[in-house]
Amino acid sequence: MPDFVHLHVHSEFSLLDGANRIKDLPVRAKELGMKAMAITDHGVMYGVIDFYKACKKEGVKPIIGCEVYVAPRSRFDKDGPADKEYNHLILLAKDNIGYKNLSKLVSIGFTEGYYYKPRIDLEVLEKYHEGLIALSACLAGSINRAILEGNMEKAENIAKWFKNVFKDDYYLELQNNGIKEQVLVNQKLVEISRKLNIPLVATNDAHYLKKEDAYNHEVLLCIQTGKKITDPDRMKFETDELYIKSPEEMADYFSNLPEAIENTVKIADKCNVEFEFGHTILPNYEVPKEYKTHYDYLRKLCEDGIKNRYGENPTKEILDRMEFEISVIQKMGYVDYFLIVWDFINYAKSQGIPVGPRTWFRSRLNCCLCYRNNRY
Ligand SMILES: [Zn+2]
Ligand SMILES: [Zn+2]
């Protein structure tokens, strides 16, 4: 059986477009004898943690990625139909730096580039490309659009830009989807590959698990576009081949381009993102230099707070109570948590910003302490 890895896969988090349940994906990969699989949802990474865990459970290597939208001009241009013509691009994280950069890019898509879709642009792609592999995507990829416009010079210039930024981690993506235009695009991509020495990779842009799920996927698209399945002019994919194909089906179709199949495995080998679970990761709160530890500073704040509330000579009962509360906070490892929450509440108050959930904060304090202390 040939080795093949699906590197372009949509899950249910490609909302109303992906019909693959996350938990089913690695199960299917394993059934078909594939050792790894990628997740590349449209513009988002909501599914990556569930996918990672599901893959680990099945002994399939998870590859973390995203099919991002790239604005045709800058991500800040949001003016009319021209800026709505965003291009698709597959990004895969090679390592944890790549994962961080991918998260950054996807966030920028929402916070700065959102226009119908979360969009990034070439400027941020260049800035945050480290640790990432780029594949040229489907027919909505910029290079494929240029090919379909008949503008090979533009297509080559796009390929050169990506090769220049991503070096050996840029691949021209050939798809096996039965769409007429794709056949032409595949031919032209092979020409560009030979001319510019850019490797090829085979994918299947999987939107559903099995061929027979194509109809369900059409229903999903109707819900997304507000159409009926009987509407003749509804948006539809002109194919029922966007499923998780077997390695044999992929290798058969690309039998004259074995490197496109082999490269899927090479790319999968390059991708090694590891997540660690079970640790609370808190930002470091920098305490003033004169305090050796976070605990010392928390203690000082508590002592000041007691003086503010009860004067210079608080009763023994109050001091004992403070000692008890601080000792619980320290014992439970909550010193940093309390400093961080104190920091933003204190800042808000100092700036005249209303601190609405004060009761929430206080009850939260009580909850943490009392719950841990079995007082409730
Ligand atoms: Zn696409
Ligand atoms: Zn896709």
Side-chain angles (χ1 to χ4, degrees), residues 5-22 25 28-29 37-48 51 63-72 84-93 102 105-106 109 113 116-121 125 132-149 155 158-159 162 170-186 189 201-209 211 213-214 216-218 220-221 224-225 235-245 250 260 264 267:
V5 175
H6 278 283
L7 297 172
H8 186 156
V9 179
H10 295 275
S11 81
E12 58 207 289
F13 286 101
S14 292
L15 297 181
L16 296 178
D17 185 15
N20 284 313
R21 294 274 182 214
I22 282 191
L25 284 168
R28 187 67 183 147
M37 181 179 254
I39 183 170
T40 55
D41 278 315
H42 275 308
V44 303
M45 295 168 72
Y46 305 140
V48 302
F51 179 76
I63 297 166
I64 304 304
C66 183
E67 182 165 21
V68 294
Y69 299 105
V70 185
K84 216 183 145 188
E85 281 289 304
Y86 36 75
N87 299 306
H88 295 193
L89 176 72
I90 294 288
L91 295 174
L92 304 171
L102 189 57
L105 286 166
V106 167
Y116 294 94
K117 299 283 182 188
R119 309 168 316 154
I120 59 164
D121 62 10
L125 201 51
L132 291 173
I133 293 173
L135 319 184
S136 60
C138 58
L139 290 174
S142 55
I143 187 164
N144 297 341
R145 284 205 159 119
I147 291 171
L148 290 172
E149 285 164 18
I158 293 167
F162 277 95
Y170 175 55
Y171 293 79
L172 295 170
E173 186 173 340
L174 306 176
Q175 295 195 352
N176 167 16
N177 54 27
I179 300 173
K180 189 167 87 246
E181 289 87 348
Q182 186 73 51
V183 177
L184 169 75
V185 160
N186 282 355
L189 287 175
V201 64
T203 74
N204 205 47
D205 202 356
H207 282 68
Y208 37 91
L209 214 57
K211 196 179 179 90
D213 298 328
N216 294 347
H217 180 255
E218 289 210 14
L220 208 56
L221 277 184
Q224 186 199 123
T225 51
M235 177 190 136
K236 62 190 282 197
F237 287 10
E238 300 294 337
T239 176
D240 60 356
E241 300 214 17
L242 302 179
Y243 62 95
I244 304 290
K245 289 189 174 167
M250 293 302 290
T264 65
I267 290 172

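Since this is a predicted model, take the numbers as computed values, not measurements. Whatever order the structure lists them in is the order used to number ligands and atoms, beginning at 1.
Between N177 atom CG and E238 atom CD the span is 11.0 Å, to the nearest 0.5 Å.
The Zn ion (ligand 1) has H88 among its coordinating residues (N/O/S atom, backbone or side chain, under 2.8 Å). With a cut-off of 2.8 Å, the Zn ion (ligand 2) has no N, O or S atom of H42 in range.
Side chain of N144 to main chain of A137: a donor-acceptor pair is present (N/O by atom type, distance under 3.5 Å, no hydrogens or angles).
Of all the N, O or S atoms in D205, the one closest to the Zn ion (ligand 2) is OD1. Atom OE1 is the N, O or S atom of E67 at the shortest distance from the Zn ion (ligand 2).
Looking only at side-chain heavy atoms (C-beta outward), L92 and L102 stay at 4.5 Å or farther from each other. In this structure the side chain of V5 reaches within 4.5 angstrom of the side chain of I63, judged on heavy atoms.
A donor-acceptor pair shorter than 3.5 Å can be found between the side chains of D41 and S14.
The angle H8:NE2 - the Zn ion (ligand 2) - H10:NE2 amounts to 110°, with values rounded to 10 degrees.
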